[in-house]
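Take a look at the structure set out below.
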2 protein chains.
Amino acid sequence: MAANSQFAMAIHVLTLLARSGEEAVKSEYVAGSVNTNAVVIRRLLSQLNQAGLVASQTGAFGGTRLAKTPDAINLVDVYKAVCCGEVFALHGSPNRDCPVGRNIEAVLCNLQKEIDSSVTVALARYTLADVMESVEHA
Amino acid sequence: MAANSQFAMAIHVLTLLARSGEEAVKSEYVAGSVNTNAVVIRRLLSQLNQAGLVASQTGAFGGTRLAKTPDAINLVDVYKAVCCGEVFALHGSPNRDCPVGRNIEAVLCNLQKEIDSSVTVALARYTLADVMESVEHA
DNA sequence: TTGAACTGTAACTATACTTGTTACAGTTAT
DNA sequence: ATAACTGTAACAAGTATAGTTACAGTTCAA
(Lines give C-alpha, C1' and ligand atoms only; values in the text may rest on other atoms or scores of the structure.)
Protein backbone atom coordinates (compact mmCIF):
# COMPACT_ATOMS: atom_id res chain seq x y z
CA MET A 1 0.00 0.00 0.00
CA ALA A 2 2.95 2.34 0.34
CA ALA A 3 3.94 3.33 -3.18
CA ASN A 4 3.47 7.08 -3.60
CA SER A 5 0.97 6.91 -6.41
CA GLN A 6 -0.16 10.45 -5.70
CA PHE A 7 0.70 11.81 -9.12
CA ALA A 8 -1.19 9.05 -10.93
CA MET A 9 -4.13 9.52 -8.61
CA ALA A 10 -4.05 13.30 -9.15
CA ILE A 11 -4.22 12.90 -12.93
CA HIS A 12 -7.12 10.50 -12.52
CA VAL A 13 -9.00 12.88 -10.23
CA LEU A 14 -8.40 15.95 -12.37
CA THR A 15 -9.57 14.11 -15.48
CA LEU A 16 -12.74 13.21 -13.64
CA LEU A 17 -13.32 16.81 -12.58
CA ALA A 18 -12.61 18.04 -16.08
CA ARG A 19 -15.37 15.87 -17.48
CA SER A 20 -17.89 17.42 -15.08
CA GLY A 21 -17.11 20.94 -16.21
CA GLU A 22 -18.60 23.58 -13.95
CA GLU A 23 -20.51 21.06 -11.88
CA ALA A 24 -18.97 20.38 -8.48
CA VAL A 25 -18.07 16.73 -7.80
CA LYS A 26 -18.30 15.09 -4.38
CA SER A 27 -15.23 13.42 -2.87
CA GLU A 28 -17.31 10.31 -2.30
CA TYR A 29 -17.99 10.00 -6.02
CA VAL A 30 -14.34 10.54 -6.94
CA ALA A 31 -13.34 7.91 -4.39
CA GLY A 32 -15.66 5.49 -6.16
CA SER A 33 -13.86 5.91 -9.45
CA VAL A 34 -10.36 5.78 -7.96
CA ASN A 35 -11.46 2.93 -5.72
CA THR A 36 -10.21 4.31 -2.45
CA ASN A 37 -11.45 6.17 0.62
CA ALA A 38 -13.02 9.63 0.33
CA VAL A 39 -10.62 11.08 2.89
CA VAL A 40 -7.67 10.04 0.75
CA ILE A 41 -9.26 11.99 -2.09
CA ARG A 42 -9.93 15.03 0.05
CA ARG A 43 -6.31 15.05 1.20
CA LEU A 44 -5.16 14.99 -2.40
CA LEU A 45 -7.68 17.68 -3.41
CA SER A 46 -6.38 19.82 -0.55
CA GLN A 47 -2.93 19.83 -2.17
CA LEU A 48 -4.35 20.54 -5.61
CA ASN A 49 -6.36 23.37 -4.09
CA GLN A 50 -3.24 24.94 -2.56
CA ALA A 51 -1.63 24.75 -5.98
CA GLY A 52 -4.60 26.62 -7.42
CA LEU A 53 -5.66 23.78 -9.69
CA VAL A 54 -9.06 23.08 -8.16
CA ALA A 55 -11.69 24.96 -6.14
CA SER A 56 -13.84 23.35 -3.45
CA GLN A 57 -17.07 24.38 -1.86
CA THR A 58 -18.06 23.20 1.60
CA GLY A 59 -21.56 22.56 2.80
CA ALA A 60 -24.56 20.78 1.34
CA PHE A 61 -24.41 20.22 -2.40
CA GLY A 62 -20.75 21.22 -2.24
CA GLY A 63 -17.86 19.53 -3.97
CA THR A 64 -14.86 20.30 -6.11
CA ARG A 65 -14.32 21.52 -9.65
CA LEU A 66 -11.36 22.67 -11.73
CA ALA A 67 -10.07 26.17 -11.09
CA LYS A 68 -8.74 26.45 -14.67
CA THR A 69 -9.64 25.04 -18.04
CA PRO A 70 -8.07 21.63 -18.82
CA ASP A 71 -5.75 23.11 -21.44
CA ALA A 72 -4.42 25.57 -18.86
CA ILE A 73 -3.42 22.80 -16.44
CA ASN A 74 0.03 21.55 -17.31
CA LEU A 75 1.16 18.18 -15.97
CA VAL A 76 4.20 19.87 -14.46
CA ASP A 77 1.88 21.86 -12.21
CA VAL A 78 0.26 18.63 -11.07
CA TYR A 79 3.61 16.97 -10.48
CA LYS A 80 4.91 19.85 -8.41
CA ALA A 81 1.68 20.03 -6.44
CA VAL A 82 1.81 16.45 -5.18
CA CYS A 83 5.39 15.16 -5.54
CA CYS A 84 8.65 16.02 -3.85
CA GLY A 85 10.12 16.65 -7.29
CA GLU A 86 13.27 14.61 -6.87
CA VAL A 87 13.95 11.56 -8.98
CA PHE A 88 16.70 10.37 -6.65
CA ALA A 89 17.79 11.50 -3.19
CA LEU A 90 21.24 12.60 -2.11
CA HIS A 91 22.91 10.48 0.56
CA GLY A 92 23.67 11.88 3.99
CA SER A 93 26.95 13.39 5.16
CA PRO A 94 29.90 11.87 3.27
CA ASN A 95 33.30 12.00 4.97
CA ARG A 96 34.92 15.40 4.30
CA ASP A 97 38.39 14.03 5.01
CA CYS A 98 38.15 12.00 1.79
CA PRO A 99 38.79 13.74 -1.56
CA VAL A 100 35.75 12.03 -3.05
CA GLY A 101 33.49 12.49 -0.04
CA ARG A 102 34.39 16.18 0.06
CA ASN A 103 33.28 16.96 -3.50
CA ILE A 104 30.76 14.30 -4.47
CA GLU A 105 27.84 16.12 -2.89
CA ALA A 106 28.08 19.14 -5.19
CA VAL A 107 28.51 16.95 -8.24
CA LEU A 108 25.49 14.83 -7.34
CA CYS A 109 23.44 17.91 -6.59
CA ASN A 110 24.09 19.29 -10.06
CA LEU A 111 23.24 15.94 -11.60
CA GLN A 112 20.06 15.78 -9.55
CA LYS A 113 18.97 19.19 -10.80
CA GLU A 114 19.61 18.19 -14.38
CA ILE A 115 17.67 14.92 -14.13
CA ASP A 116 14.78 16.57 -12.34
CA SER A 117 14.77 19.20 -15.03
CA SER A 118 14.50 16.58 -17.74
CA VAL A 119 11.39 15.22 -16.04
CA THR A 120 9.93 18.70 -15.87
CA VAL A 121 10.58 19.29 -19.55
CA ALA A 122 9.03 15.95 -20.50
CA LEU A 123 5.92 16.58 -18.40
CA ALA A 124 5.59 20.14 -19.65
CA ARG A 125 4.70 18.82 -23.08
CA TYR A 126 1.27 17.72 -21.85
CA THR A 127 -1.81 19.37 -20.40
CA LEU A 128 -4.86 17.89 -18.76
CA ALA A 129 -6.70 18.41 -22.05
CA ASP A 130 -4.24 16.02 -23.73
CA VAL A 131 -4.87 13.42 -21.06
CA MET A 132 -8.63 13.80 -21.48
CA GLU A 133 -8.33 13.19 -25.17
CA SER A 134 -6.17 10.11 -24.65
CA VAL A 135 -8.69 8.71 -22.18
CA GLU A 136 -11.52 9.37 -24.61
CA HIS A 137 -9.79 7.69 -27.54
CA ALA A 138 -8.50 4.66 -25.68
CA MET B 1 16.95 7.68 7.23
CA ALA B 2 14.62 6.12 4.73
CA ALA B 3 15.15 8.07 1.53
CA ASN B 4 16.40 5.72 -1.17
CA SER B 5 19.74 7.37 -1.67
CA GLN B 6 21.10 4.23 -3.29
CA PHE B 7 21.85 5.86 -6.62
CA ALA B 8 23.78 8.70 -5.01
CA MET B 9 25.65 6.22 -2.83
CA ALA B 10 26.43 4.04 -5.84
CA ILE B 11 27.95 6.95 -7.75
CA HIS B 12 30.03 7.82 -4.69
CA VAL B 13 31.27 4.25 -4.28
CA LEU B 14 32.07 3.77 -7.96
CA THR B 15 34.01 7.02 -8.05
CA LEU B 16 36.03 5.81 -5.11
CA LEU B 17 36.75 2.47 -6.80
CA ALA B 18 37.67 4.24 -10.03
CA ARG B 19 40.34 6.24 -8.24
CA SER B 20 41.97 3.06 -6.97
CA GLY B 21 42.30 1.56 -10.44
CA GLU B 22 43.25 -2.11 -10.37
CA GLU B 23 43.77 -2.15 -6.63
CA ALA B 24 40.91 -3.82 -4.72
CA VAL B 25 39.24 -1.64 -2.09
CA LYS B 26 37.85 -2.99 1.19
CA SER B 27 34.19 -2.38 2.09
CA GLU B 28 35.34 -0.99 5.43
CA TYR B 29 37.32 1.73 3.69
CA VAL B 30 34.45 2.64 1.37
CA ALA B 31 32.11 2.80 4.35
CA GLY B 32 34.48 5.31 5.91
CA SER B 33 34.18 7.67 2.96
CA VAL B 34 30.42 7.29 2.59
CA ASN B 35 30.05 7.49 6.37
CA THR B 36 27.91 4.42 6.85
CA ASN B 37 28.17 0.76 7.84
CA ALA B 38 30.31 -1.67 5.84
CA VAL B 39 27.40 -4.07 5.40
CA VAL B 40 25.35 -1.34 3.73
CA ILE B 41 28.22 -0.94 1.28
CA ARG B 42 28.53 -4.68 0.66
CA ARG B 43 24.80 -4.88 -0.06
CA LEU B 44 25.14 -2.10 -2.60
CA LEU B 45 28.26 -3.65 -4.14
CA SER B 46 26.35 -6.90 -4.46
CA GLN B 47 23.85 -5.20 -6.75
CA LEU B 48 26.58 -3.48 -8.74
CA ASN B 49 28.30 -6.83 -9.06
CA GLN B 50 25.16 -8.46 -10.46
CA ALA B 51 24.98 -5.65 -12.99
CA GLY B 52 28.55 -6.42 -14.05
CA LEU B 53 29.90 -3.04 -12.96
CA VAL B 54 32.28 -4.23 -10.24
CA ALA B 55 34.19 -7.37 -9.36
CA SER B 56 34.82 -8.54 -5.82
CA GLN B 57 37.33 -10.92 -4.34
CA THR B 58 36.70 -12.73 -1.08
CA GLY B 59 39.32 -13.74 1.43
CA ALA B 60 42.30 -12.00 2.94
CA PHE B 61 43.52 -8.96 1.03
CA GLY B 62 40.29 -9.14 -0.94
CA GLY B 63 38.03 -6.26 -1.88
CA THR B 64 36.27 -4.75 -4.84
CA ARG B 65 37.35 -3.01 -8.02
CA LEU B 66 35.66 -1.80 -11.19
CA ALA B 67 34.83 -4.45 -13.80
CA LYS B 68 35.07 -1.88 -16.62
CA THR B 69 36.95 1.32 -17.26
CA PRO B 70 35.23 4.47 -15.94
CA ASP B 71 34.38 5.72 -19.43
CA ALA B 72 32.62 2.41 -20.14
CA ILE B 73 30.31 2.79 -17.13
CA ASN B 74 27.29 4.84 -18.11
CA LEU B 75 25.17 6.41 -15.37
CA VAL B 76 22.13 4.69 -16.84
CA ASP B 77 23.71 1.34 -16.00
CA VAL B 78 24.18 2.47 -12.42
CA TYR B 79 20.62 3.77 -12.19
CA LYS B 80 19.15 0.54 -13.50
CA ALA B 81 21.35 -1.52 -11.20
CA VAL B 82 20.12 0.08 -7.98
CA CYS B 83 16.80 1.82 -8.67
CA CYS B 84 13.32 0.60 -9.54
CA GLY B 85 13.46 2.85 -12.59
CA GLU B 86 10.09 4.49 -12.12
CA VAL B 87 9.75 8.21 -11.48
CA PHE B 88 6.14 7.84 -10.33
CA ALA B 89 4.01 4.80 -9.52
CA LEU B 90 0.66 3.88 -10.98
CA HIS B 91 -2.24 3.74 -8.54
CA GLY B 92 -4.01 0.48 -7.81
CA SER B 93 -7.18 -0.81 -9.43
CA PRO B 94 -9.38 2.09 -10.61
CA ASN B 95 -13.12 1.39 -10.98
CA ARG B 96 -13.74 -0.18 -14.41
CA ASP B 97 -17.40 0.85 -14.35
CA CYS B 98 -16.28 4.46 -14.74
CA PRO B 99 -15.25 5.76 -18.19
CA VAL B 100 -12.20 7.44 -16.72
CA GLY B 101 -11.27 4.61 -14.38
CA ARG B 102 -11.48 2.17 -17.28
CA ASN B 103 -8.97 3.95 -19.50
CA ILE B 104 -6.76 6.03 -17.24
CA GLU B 105 -4.41 3.17 -16.47
CA ALA B 106 -3.25 2.76 -20.05
CA VAL B 107 -2.81 6.49 -20.49
CA LEU B 108 -0.79 6.78 -17.29
CA CYS B 109 1.30 3.79 -18.23
CA ASN B 110 2.29 5.40 -21.50
CA LEU B 111 3.08 8.64 -19.73
CA GLN B 112 5.15 6.76 -17.17
CA LYS B 113 7.20 5.12 -19.89
CA GLU B 114 7.83 8.44 -21.56
CA ILE B 115 8.92 10.17 -18.36
CA ASP B 116 11.14 7.27 -17.34
CA SER B 117 12.65 7.36 -20.79
CA SER B 118 13.50 11.03 -20.44
CA VAL B 119 15.42 10.23 -17.27
CA THR B 120 17.27 7.47 -19.05
CA VAL B 121 18.21 9.77 -21.91
CA ALA B 122 19.41 12.47 -19.51
CA LEU B 123 21.53 10.02 -17.50
CA ALA B 124 22.92 8.41 -20.65
CA ARG B 125 24.82 11.59 -21.38
CA TYR B 126 27.26 10.89 -18.55
CA THR B 127 29.78 8.22 -17.68
CA LEU B 128 31.66 7.55 -14.47
CA ALA B 129 34.67 9.21 -16.11
CA ASP B 130 32.69 12.45 -16.35
CA VAL B 131 31.77 12.24 -12.68
CA MET B 132 35.41 11.63 -11.75
CA GLU B 133 36.47 14.73 -13.63
CA SER B 134 33.77 16.83 -11.97
CA VAL B 135 34.86 15.61 -8.55
CA GLU B 136 38.48 16.41 -9.37
CA HIS B 137 37.73 19.94 -10.57
CA ALA B 138 35.33 20.89 -7.80
C1' DT C 1 47.75 -26.24 8.12
C1' DT C 2 46.51 -22.82 10.99
C1' DG C 3 45.05 -18.21 11.55
C1' DA C 4 43.99 -13.67 10.15
C1' DA C 5 41.46 -10.84 6.94
C1' DC C 6 38.19 -10.35 3.85
C1' DT C 7 33.23 -10.89 1.35
C1' DG C 8 28.30 -12.39 1.25
C1' DT C 9 24.17 -12.70 3.42
C1' DA C 10 20.60 -13.64 6.91
C1' DA C 11 18.14 -11.68 10.69
C1' DC C 12 16.71 -8.20 13.52
C1' DT C 13 15.66 -3.26 15.00
C1' DA C 14 14.59 1.52 14.30
C1' DT C 15 12.66 4.95 11.53
C1' DA C 16 9.73 6.91 8.32
C1' DC C 17 6.40 7.21 4.65
C1' DT C 18 1.93 6.08 2.43
C1' DT C 19 -2.57 4.42 2.67
C1' DG C 20 -6.80 3.47 4.85
C1' DT C 21 -10.05 4.46 8.45
C1' DT C 22 -12.85 6.74 12.07
C1' DA C 23 -14.23 10.85 14.12
C1' DC C 24 -15.61 15.34 14.33
C1' DA C 25 -15.65 20.49 13.73
C1' DG C 26 -17.05 23.86 10.40
C1' DT C 27 -19.95 25.34 6.34
C1' DT C 28 -23.93 25.74 3.39
C1' DA C 29 -28.44 24.98 0.96
C1' DT C 30 -33.21 23.80 1.82
C1' DA D 1 -33.05 23.14 12.28
C1' DT D 2 -31.35 19.66 9.62
C1' DA D 3 -29.12 17.14 6.15
C1' DA D 4 -25.10 17.03 3.23
C1' DC D 5 -20.93 18.35 2.29
C1' DT D 6 -15.54 19.65 3.06
C1' DG D 7 -11.27 19.89 5.96
C1' DT D 8 -8.40 17.86 8.99
C1' DA D 9 -6.69 15.49 13.12
C1' DA D 10 -5.57 11.07 14.97
C1' DC D 11 -4.55 6.46 14.73
C1' DA D 12 -3.59 1.62 12.74
C1' DA D 13 -1.47 -1.18 9.24
C1' DG D 14 1.69 -2.24 5.61
C1' DT D 15 6.11 -1.56 3.53
C1' DA D 16 10.73 0.23 2.40
C1' DT D 17 15.36 1.79 3.77
C1' DA D 18 19.19 2.10 6.83
C1' DG D 19 21.82 0.46 10.35
C1' DT D 20 23.62 -3.29 13.14
C1' DT D 21 25.21 -7.92 14.75
C1' DA D 22 26.42 -12.40 13.66
C1' DC D 23 28.36 -15.88 11.15
C1' DA D 24 29.48 -19.03 7.18
C1' DG D 25 32.61 -19.25 3.36
C1' DT D 26 36.96 -17.89 0.97
C1' DT D 27 41.69 -16.69 0.43
C1' DC D 28 46.42 -15.55 1.45
C1' DA D 29 50.55 -15.91 4.21
C1' DA D 30 53.43 -17.49 7.61
Side-chain angles (χ1 to χ4, degrees), chain A residues 1-10 12-13 17 20 23-32 34-51 53-67 82-86 88-95, chain B residues 1-10 12-13 17 20 23-32 34-51 53-65 67 81-86 88-95:
Chain A
M1 300 183 187
N4 200 3
S5 55
Q6 298 229 74
F7 177 70
M9 207 159 78
H12 185 151
V13 170
L17 296 184
S20 293
E23 198 179 349
V25 182
K26 290 182 283 187
S27 63
E28 205 75 44
Y29 176 80
V30 176
V34 176
N35 200 26
T36 184
N37 192 288
V39 174
V40 173
I41 297 299
R42 292 204 288 265
R43 271 201 291 246
L44 180 65
L45 287 172
S46 177
Q47 295 183 269
L48 297 175
N49 180 45
Q50 279 174 40
L53 303 180
V54 304
S56 293
Q57 192 169 17
T58 60
F61 298 88
T64 307
R65 56 194 164 86
L66 293 187
V82 301
C83 293
C84 70
E86 293 175 353
F88 64 86
L90 300 181
H91 60 316
S93 40
N95 186 348
Chain B
M1 296 186 183
N4 199 3
S5 55
Q6 297 229 72
F7 177 71
M9 207 161 77
H12 185 152
V13 170
L17 295 184
S20 294
E23 197 179 349
V25 182
K26 289 183 281 186
S27 63
E28 206 75 44
Y29 176 80
V30 176
V34 176
N35 200 26
T36 184
N37 192 287
V39 174
V40 173
I41 298 298
R42 292 204 288 265
R43 273 202 290 247
L44 180 65
L45 286 173
S46 178
Q47 294 183 268
L48 297 175
N49 181 46
Q50 278 174 41
L53 302 180
V54 304
S56 293
Q57 194 170 17
T58 59
F61 299 90
T64 306
R65 58 194 163 85
V82 301
C83 293
C84 69
E86 293 175 354
F88 64 86
L90 300 180
H91 59 316
S93 42
N95 186 348

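Note on naming: letters A, B, ... go to the chains in the order of the sequence lines (proteins, then strands), and numbering restarts at 1 for each one. Values below: all heavy atoms of this structure, side chains included; hydrogens, waters and symmetry mates excluded.
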Quickly work out the [X] [atom1] to [N] [atom2] distance and round it to whole Å.
X: B:Ile41; N: C:dC6; atom1: CD1; atom2: P; value: 16 Å
X: B:Lys26; N: C:dA4; atom1: NZ; atom2: C1'; value: 12 Å
X: B:His12; N: D:dA18; atom1: NE2; atom2: P; value: 15 Å
X: B:Leu44; N: C:dG8; atom1: CG; atom2: P; value: 12 Å
X: A:Phe88; N: D:dT17; atom1: CZ; atom2: C1'; value: 17 Å
X: A:Glu23; N: D:dC5; atom1: CD; atom2: P; value: 12 Å
X: A:Asn49; N: C:dT27; atom1: CG; atom2: P; value: 16 Å
X: A:Gln6; N: C:dT18; atom1: CD; atom2: P; value: 7 Å

Response to the item:
In this structure, NZ of A:Lys26 is separated from CZ of A:Arg42 (nearest 0.5 Å) by 12.0 Å
According to side-chain contact (heavy atoms from CB on, under 4.5 Å), who are the partners of [X], at least two apart in sequence or on a separate chain?
X: A:Phe61; result: none
X: A:Asn37; result: A:Val39, A:Val40
X: A:Glu86; result: A:Cys84, A:Gln112, A:Asp116
X: A:Asn95; result: A:Asp97

Worksheet entry | Residues in salt bridge (charged side-chain N to carboxylate O under 4.0 Å, His left out) contact with B:Arg43, at least two apart in sequence or another chain | none
Discussion item. Strictly below 4.0 Å: does A:Ser46 bring a side-chain N or O up to OP1 or OP2 of D:dT6?
Written reply: no
Worksheet item: Does C:dC6 have OP1 or OP2 sitting under 4.0 Å from an N or O in the side chain of B:Ser56?
Response: no
Worksheet entry | 4.5 Å side-chain heavy-atom contact, B:Thr64 and B:Val25 | no
Discussion item. So A:Glu28, base contact, sugar-phosphate only, or nothing? Heavy-atom distance under 4.0 Å.
Written reply: nothing
Worksheet item: Which part of the nucleic acid, if any, lies within contact of A:Thr64, taking any heavy atom under 4.0 Å across all strands shown: a base, the sugar-phosphate backbone alone, or nothing?
Response: nothing
Worksheet item: For nucleotides 20-30 of chain D, read 5' to 3', which letter fits each nucleotide if B means a protein heavy atom sits under 4.0 Å from the base, S means only the sugar-phosphate is that close, and - means neither?
Response: BBB---BBSS-
Practice prompt. Quantify the bending of the helix from C:dT1-D:dA30 to C:dT30-D:dA1 as the angle between its end axes, each fitted on five pairs, to 10°.
Written response: 10°
Worksheet item: Listed by chain and number, what are the side-chain hydrogen bond (donor to acceptor under 3.5 Å, both in side chains) partners of B:Thr36, not counting sequence neighbours?
Response: none
Response to the item:
Sorted by chain and residue number, the ring-ring contact (aromatic ring centres under 6.0 Å, His included) partners of B:Phe7 (sequence neighbours excluded) come out as A:Phe88, B:Tyr79
